[in-house]
Structure formats: structure tokens, C-alpha cells
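Notes to accompany the following structure.
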Amino acid sequence: MQSTATINLNFTINSGQVFLWEKIGEKWAGINGNDLLVIKEPFQIISSKKPARHFFRLDDNQPRILSRIGRDSLVGTAARQFSGLRLMRQDPFQCYISFICSSNSSIQNIRNMLTRLCTKFGDKIEFENRQFFTFPSAKRLSNATTKDLLSCGLGFRAKYVKDAIRAVNTGKIEFESLKKEDYGTALETLKTVKGVGNKIADCILLFSLDKLESFPIDRWTQRILQKYYPKIFYSSGGKSLTEKKYANLHKKVVEYFGPYAGYSQQFLFKLERDLNKKNWL
DNA sequence: TCATCACCTGGAGA
DNA sequence: ATCTCCAGGTGAT
């Protein structure tokens with residue numbers, strides 16, 4: 001069992017995994033499904049319904065993971081620079097909707113969309129005189145119209161989110177089943193939902209369904225692979241990542257970074273975004 | 001099979 | 001103020 005002292009909240013929250021967190025004075029407050037987590041640094045839970053070890057993946061064998069991904073020297077360096085950055089195990093439905101909303105959008109915008117969705121459909125929670133709203137369940141959202149979703153600022157994603165909600169409510173998507181399936185099968189199942197392609201499916205798998213070999217490849221990750229690993233991951237000229245190229249690249253990535261490639265991606269992503277002074281939450 | 005392109009919206013930069 | 005550009009992609013042509 002890992003000590004919570006090894007978690008760096010600031011790095012963890014500001015690494016692009018979650019959107020509904022905010023810093024209030026010394027504390028961080030965040031929404032995960034129907035739970036409100038309030039935590040302060042050094043790591044101490046002020047409030048949460050569920051045990052923190054689940055959300056912060058304290059069941060992971062961190063020394064083993066760091067040792068394995070550290071075989072790559074750049075990842076090793078990033079892991080030391082951002083020591084305490086952890087993957088989180090998010091509420092799957094929230095994660096799924098969040099990343100569908102992330103399509104061609106910025107972190108600030110994604111956060112705004114999701115906040116409006118929670119305010120409109122979630123339950124109010126009060127904590128120390130402040131109001132928060134939980135992330136609505138698929139059932140709660142079953143009657144949300146496209147117009148409702150548009151009013152939350154989802155834009156062209158509204159129709160995807162509507163389909164995604166339906167997929168869960170009809171049982172076409174079952175997160176508990178996906179957790180049990182192997183990576184490839186779960187990936188294909190998620191991709192049957194409109195608005196979910198390779199990158200978004202990988203985010204859902206990595207951040208909420210325990211698939212640590214997921215390695216979401218977005219424009220940043222692509223840039224990273226080309227910049228630091230041109231020899232290993234030469235993505236044959238073209239800029240657009242076709243279905244085939246993505247699968248091929250993922251295969252090479254797992255061969256190179258290993259079974260915890262998702263952790264490697266998180267450190268590299270954090271490293272490069274910080275280097276380019278991109279904003280977080 | 002692959003490359004292009006439109007897509008809602010709001011925030012940042014000119 | 002007003003405008004343009006672009007943002008952790010995806011689906012349709």
C-alpha cells in the first residue's frame with residue numbers, strides 16, 4: 001500500500017486528466033460522479049464519500065511502475081521532476097462524457113461545458129458556504145434534449161453526448177463489463193459510440209477503466225513522439241492520424257514504454273505542456 | 001484506404 | 001472594441 005504522502009495534488013490535478021477541480025485557498029475541491037472531494041496539501045482528505053485509495057489508485061504498485069517506465073530516460077526525468085503525479089481512477093460515466101466534450105476544445109472550455117452540465121442536471125452540495133453540483137448520472141440525463149445540451153455550450157458535441165447517454169441507458173455501453181474486457185475489445189466497443197474515436201476512447205480507458213496500456217495520442221502526444229523519439233516512432237510523414245496509423249503507433253508505443261505506457265504518457269504530456277507554458281485549471 | 005474539411009463555442013492574442 | 005484564430009478530435013466526403 002502506498003503512502004498518500006507520495007501524492008502531489010497540484011501535479012496530479014494539473015495534468016489534463018480532470019476538469020472539475022478548483023483551488024480554494026489551501027484546498028482543492030473536485031467533483032467525481034456524485035462525490036465531492038476536498039483535499040489539501042500535504043495530502044489530507046478534508047471531505048469525501050468514498051475512500052481516497054480508490055480514486056488515487058493507491059492500489060497501484062508505484063515503485064514497480066516508476067521503475068518500469070523509467071527505463072526510458074526522458075520519462076524517468078519527467079517522473080522525477082513531477083514526482084507524485086498520479087493517474088486517477090475517475091467515475092467512468094463522467095470521464096466518458098468529459099472526453100467526448102473535449103473534442104477540438106480547450107481545457108477552459110471543456111471545464112465550462114461540464115460545469116454548466118452539472119449545474120443544470122446535477123445535485124447541489126454545500127461545503128463551507130460554497131455550492132457545488134455533482135456530475136449527473138446517465139439516468140438523470142436521459143431526458144436531456146439536444147437543446148438542453150446546446151444551452152450548456154456543447155455545440156456540435158451535443159448530438160454526440162446525447163447518443164453517448166443513450167448508449168449507456170440502453171446497455172450498449174456497460175462500464176463494468178468494459179473493465180473486464182481486454183484493452184483492444186474495450187477500445188472497439190467504446191468507438192461504436194459517435195463522437196468517440198481512438199484518442200477519446202484511450203482517455204476513457206486510461207482514466208476510468210484501469211487500462212494502463214492506453215496511451216492517448218493527441219496533437220501534443222504526437223508532437224512529443226516526433227520531437228523526442230523521431231527514430232522510434234517515425235509517423236511516416238503524414239500529419240493526420242488515420243485509424244491504421246494510430247493502431248500501429250500504439251503497438252509500437254506499448255512495445256517501447258511497456259505495460260504501464262499510460263503513466264509514461266501522463267508524465268510526458270505534463271512535461272511538454274508545462275514547457276510550452278500552457279494553462280491548467 | 002487516405003487526405004481534407006466542417007464543426008459550436010468561447011477565450012486569447014492582435 | 002472588434003476581429004481572427006485556435007483549442008488534448010471526429011465523422012463525412
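The structure displayed is predicted, hence computed values, not measured ones. Proteins come first, then strands; the chains are lettered A, B, ... in the order of their sequence lines, and each starts at number 1.
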Specify the separation, in whole Å, of atom [atom1] of [X] and atom [atom2] of [N].
{"X": "A:F156", "N": "B:dG10", "atom1": "CZ", "atom2": "P", "answer": "13 Å"}
{"X": "A:L225", "N": "C:dG8", "atom1": "CG", "atom2": "P", "answer": "17 Å"}
{"X": "A:W220", "N": "C:dA7", "atom1": "CH2", "atom2": "P", "answer": "8 Å"}
{"X": "A:N279", "N": "B:dG11", "atom1": "CG", "atom2": "P", "answer": "13 Å"}
{"X": "A:Q108", "N": "B:dA12", "atom1": "CD", "atom2": "C1'", "answer": "11 Å"}
{"X": "A:M113", "N": "C:dA7", "atom1": "CE", "atom2": "P", "answer": "14 Å"}
{"X": "A:K278", "N": "C:dC6", "atom1": "NZ", "atom2": "P", "answer": "11 Å"}

Identify whether any heavy atom of [X] sits under 4.0 Å from a base atom; if not, whether one sits that close to sugar-phosphate; answer base, sugar-phosphate or nothing.
{"X": "A:K191", "result": "nothing"}
{"X": "A:S98", "result": "nothing"}
{"X": "A:E272", "result": "nothing"}
{"X": "A:I107", "result": "base"}

Original post:
Between the side chains of A:E213 and A:Y260, does any donor sit under 3.5 Å from an acceptor?
Top reply: no

Original post:
Is there a side chain to side chain donor-acceptor pair (under 3.5 Å) between A:T145 and A:D148 once you walk through the steps?
Top reply: CA-CA 5 Å; A:T145 63; A:D148 288 331; 3.1 Å; yes

Original post:
Is the gap between the ring centers of A:F175 and A:Y96 under 6.0 Å?
Top reply: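 Ring-ring flag for A:F175/A:Y96: true, centres closer than 6.0 Å.
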
Original post:
Mapping A:G195 and A:I110 onto DNA chain C by nearest heavy atom, which one lands closer to the 5' end?
Top reply: A:I110

Original post:
Between A:G16 and A:V193, who's closer to the 5' end of DNA chain C by nearest nucleotide?
Top reply: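 This one resolves to A:G16.
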
Original post:
For the side chain of A:S83 and the backbone of A:R80, is there at least one donor-acceptor N/O pair under 3.5 Å apart?
Top reply: no

Out of [options], whichever nucleotide has its closest atom nearest the side chain of [X]:
{"X": "A:K245", "options": "B:dA3, C:dG8, C:dG9", "result": "B:dA3"}
{"X": "A:F269", "options": "C:dG9, C:dG8, B:dG10", "result": "C:dG8"}
{"X": "A:N112", "options": "B:dG10, B:dC2, C:dG8", "result": "B:dG10"}
{"X": "A:K244", "options": "B:dC8, C:dA7, B:dC2", "result": "B:dC2"}
{"X": "A:N104", "options": "B:dC7, C:dT10, B:dA3", "result": "B:dC7"}
{"X": "A:P216", "options": "C:dA7, B:dG11, C:dG8", "result": "C:dG8"}

Subject >> Under 3.5 Å on both distances, the Watson-Crick or G-U partner of C:dG8 >> reply: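 Pairing partner: none.
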
**OP:** Kindly indicate whether the side chain of A:K199 and the base of C:dG9 share any N or O donor-acceptor pair separated by less than 3.5 Å?
**Re:** no

Subject >> Residues A:E272 and A:K227 bridged, charged N to O under 4.0 Å >> reply: yes

